[in-house]
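Shown next, in structure tokens, is the structure this report addresses.
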2 protein chains.
Amino acid sequence: MASIKDVANLAGVAVGTVSRVINNAPAVKPTTRDKVMAAIKQLNYVPDEVARNFKMQKSKMVALMLPSIWNPFFSELAYYIEDELDRSGFKLMLCNSGGKPEKELYYFDMLKQNKVAGIVGITYNDIENIVSTDIPIISIDRHFNKQITCVTSDNFEGGRVALRELVKAGSKKPAFLGSVPLMYSETLRRKDGFVHEAQTLGIPCAVYEEPDSLKDEDQYYSNFLQRHPDIDGVFAITDMTAARYIEKAKEAGIRVPDDVKVIGYDGIQDHPYFHPLLSTIRQPVEEMARTAVRLLLKKVEGESLDREVFRIPVTYRAGETT
Amino acid sequence: MASIKDVANLAGVAVGTVSRVINNAPAVKPTTRDKVMAAIKQLNYVPDEVARNFKMQKSKMVALMLPSIWNPFFSELAYYIEDELDRSGFKLMLCNSGGKPEKELYYFDMLKQNKVAGIVGITYNDIENIVSTDIPIISIDRHFNKQITCVTSDNFEGGRVALRELVKAGSKKPAFLGSVPLMYSETLRRKDGFVHEAQTLGIPCAVYEEPDSLKDEDQYYSNFLQRHPDIDGVFAITDMTAARYIEKAKEAGIRVPDDVKVIGYDGIQDHPYFHPLLSTIRQPVEEMARTAVRLLLKKVEGESLDREVFRIPVTYRAGETT
DNA sequence: CACTAAATTGGAAACGTTTCAATATCGAAT
DNA sequence: ATTCGATATTGAAACGTTTCCAATTTAGTG
């Protein structure tokens with residue numbers, strides 16, 4: 001592999017000059033530039049990025065840390081994040097933490113050792129005191145009131161819209177259905193918005209959160225069905241939850257949407273084999289991804305951000321379940 | 001950030017000694033090791049991976065190049081690839097090529113500059129003459145009769161099983177449905193196996209491949225429905241294709257599985273909201289992923305592989321469409 | 001033509017490691 | 001005590017860049 005020295009020799013100039021040419025720094029005479037360019041072409045030289053990163057003490061690598069790329073919401077997110085990074089000449093390193101705090105720590109250490117430029121994280125840990133000062137971080141959907149900037153969808157508003165849409169679809173007794181909340185998670189605000197809107201409109205509204213102790217999924221849903229037999233509208237914290245509920249409800253002889261209207265949250269399914277097509281609050285995945293990257297790169301450049309949380313507007317998408 | 005020099009100073013030894021300690025090389029006296037360890041702990045020292053990569057002229061980074069991580073099949077694959085890499089201390093860099101040859105080239109260049117240890121690729125290009133000599137590559141589902149080792153599911157056998165299962169389900173006139181084949185793609189063998197088995201059993205068997213010229217998806221399926229009105233069994237090259245077919249068939253008043261049995265290929269859907277549950281040939285995604293990584297790392301170590309193509313067995317999974 | 005300022009280029013240090021030849025230390029055998 | 005081999009340790013070079021200062025060239029001016 002030809003190095004910058006070889007180029008310098010062939011072109012009859014100093015390595016510093018070659019360096020200036022390839023970084024098109026000013027103050028290099030056109031004729032020298034041409035000589036150098038010729039040598040570069042002749043030797044088929046390409047700069048060694050690793051050496052560069054080393055010398056510069058920083059790289060153009062950004063890590064995406066999430067529980068599992070297998071999850072379709074995350075994989076869509078990852079798609080846009082990679083795309084946006086690539087546009088700025090950055091690369092993406094993928095870290096599946098499995099949602100395990102110890103693995104998250106392990107990865108953070110590794111990333112620090114590897115001097116990544118920044119991290120986009122969807123984490124289960126209280127990462128507040130871990131890397132914040134060293135490496136710029138953007139967190140998705142988790143808000144750790146610190147310098148870790150958070151990008152999320154407008155969960156509160158999404159909850160409000162869900163309530164209104166359920167009512168509009170004819171529901172008299174809507175309920176919120178969601179599993180145990182994560183600490184720091186912004187997604188809990190979906191419930192808050194939902195409940196708030198119900199109060200505003202003076203509508204009775206039930207809330208069913210999964211108890212910590214309950215690990216059996218079947219039991220979770222049947223508990224809900226038993227405990228709230230008169231519910232005629234369900235806002236599930238996730239499309240996944242909504243789908244599972246519909247499944248169980250069907251088994252219990254409840255018809256959707258005739259007996260119960262259902263609205264989910266996410267809207268990631270765009271495949272023909274999703275049936276029934278879920279009514280849902282669609283997350284602006286692409287915009288969240290691009291925003292996260294842009295903010296992160298600003299931080300990488302040393303800029304400071306004016307806000308702690310960036311909430312992107314959501315939209316309601318009618319399906320076959322309302 | 002403390003460097004190896006700081007550690008050496010504090011411990012009162014030479015940097016070379018510290019280096020041997022952290023790489024636990026032999027020939028270092030226990031007492032010195034302890035001194036060094038103490039200094040490391042005190043300074044909170046961690047070796048700089050970038051500097052290491054630079055010095056060693058190689059990194060522990062493997063690239064995964066695929067059309068789009070958004071595709072659920074690829075995202076499952078990526079999940080296991082990352083997991084397997086991590087177990088060997090390697091990192092994953094994600095490259096979405098969009099299936100565009102020029103973007104693939106661009107990424108290959110970038111990867112070469114970044115001295116990645118190896119590449120797992122699902123590419124649309126004839127990458128045969130591009131990087132093969134420089135960087136170890138494993139290709140998934142594409143077989144370029146060269147030193148680019150290929151890992152794939154047993155597509156031929158999958159096709160045979162599909163035919164048999166359709167017949168078993170009562171189909172008299174089965175057909176293959178698949179879009180235009182990719183060059184070098186091993187997936188075409190699904191058709192070969194299907195047709196071969198039909199011939200063996202003496203059963204008539206139609207084949208409908210998407211013509212190059214035809215880009216309109218709706219037209220594609222309605223063409224098929226028109227042209228083969230008496231078909232009572234469909235083997236689709238992909239679950240995706242199967243799902244789309246079912247959709248269109250339903251619109252045309254054809255009932256699945258009453259009028260037509262359908263079998264897909266992939267079996268990636270494991271979500272409750274996939275309906276109807278597709279009968280399918282399940283790809284051994286996890287094993288493919290882990291095999292690909294293990295083979296790649298062997299190549300990275302300099303071993304040569306004894307085969308050009310590794311075919312992993314598939315299984316049939318009955319759903320609601322047969 | 002001499003002089004000055006500006007433009008261009010050369011050369012070397014530095015980034016944090018690994019590695020290798022050279023040197024030092026230690027125990028045991030003489 | 002002295003020598004020998006084995007075991008430990010040192011110190012410096014090298015990896016491929018960038019960057020800074022000094023040196024040199026060039027162009028412009030009187």
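Lettering follows sequence order; numbering is per chain, from 1.
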Query raised in the report: B:E303 and B:K299: salt bridge (Lys or Arg N to Asp or Glu O under 4.0 Å), yes or no, with the steps?
Result: CA-CA 5 Å; B:E303 281 185 60; B:K299 278 185 153 183; over 6 Å; no

Report task. For B:E84 and B:L297, run side-chain contact (heavy atoms from CB on, under 4.5 Å): C-alpha distance rounded to whole Å, both residues' side-chain angles, the deciding distance at 0.1 Å, then the answer. Result -> CA-CA 10 Å; B:E84 187 69 22; B:L297 295 190; over 6 Å; no

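Distance from the side chain of B:S3 is smallest for C:dT17 among the nucleotides C:dT17, C:dA12, D:dT9. Across D:dT18, D:dG16, D:dC15, the shortest atom-to-atom separation from the side chain of A:S19 is found for D:dT18. Taking every side-chain heavy atom of B:A27 into account, D:dA8 is the closest of D:dT18, D:dA8, D:dT10.
Atom CZ of B:F54 and atom P of C:dG16 are 12 Å apart (whole Å). C:dT17 atom P lies 17 Å from atom NZ of B:K58, rounded to whole Å. The separation between B:R20 atom CZ and D:dG11 atom P is 12 Å, rounded to whole Å. We find that NZ of A:K112 is positioned 18 Å from C1' of C:dG16, with the value rounded to whole Å. Rounded to an integer number of Å, the gap from A:I4 CD1 to D:dG16 P is 11 Å. Atom CE in B:M1 sits roughly 15 Å away from atom C1' in C:dT17 (whole-Å rounding). The nearest whole Å value for the distance from the CG atom in B:N24 to the P atom in C:dT19 is 13 Å. When the C1' atom of D:dG16 is taken as reference, atom CG of A:N9 falls 14 Å away, rounded to whole Å.
A tilted orientation is assigned to the rings of A:Y79 and B:W70, their planes being inclined by 30° to 60°.
Residue side chain A:K55 does not reach the base of D:dT17 through any donor-acceptor N/O pair under 3.5 Å, judged by distance alone.
Checking B:T17 against B:M56, the closest nucleotide of DNA chain D that is more toward the 5' end is the one next to B:T17.
For A:K103, the NZ atom counts as densely surrounded, since its 6.0 Å shell holds more than 12 non-hydrogen atoms of other residues, nucleotides or ligands.
As judged by a 4.0 angstrom heavy-atom cut-off over every strand, A:N23 is placed among residues touching the sugar-phosphate backbone only.
A heavy atom closer than 4.0 Å to some atom of DNA chain C occurs in A:K29, A:T32, these being the qualifying members of residues 29-50 of chain A.
Side-chain atoms of B:T123 and B:E104 form no donor-acceptor pair, as typed in the model, at a separation below 3.5 Å.
Here the side chain of A:K58 pairs no donor or acceptor atom with the backbone of A:N53 at under 3.5 angstrom. A donor-acceptor distance shorter than 3.5 angstrom exists from the side chain of B:N71 to the backbone of B:F73, with no hydrogens or angles considered.
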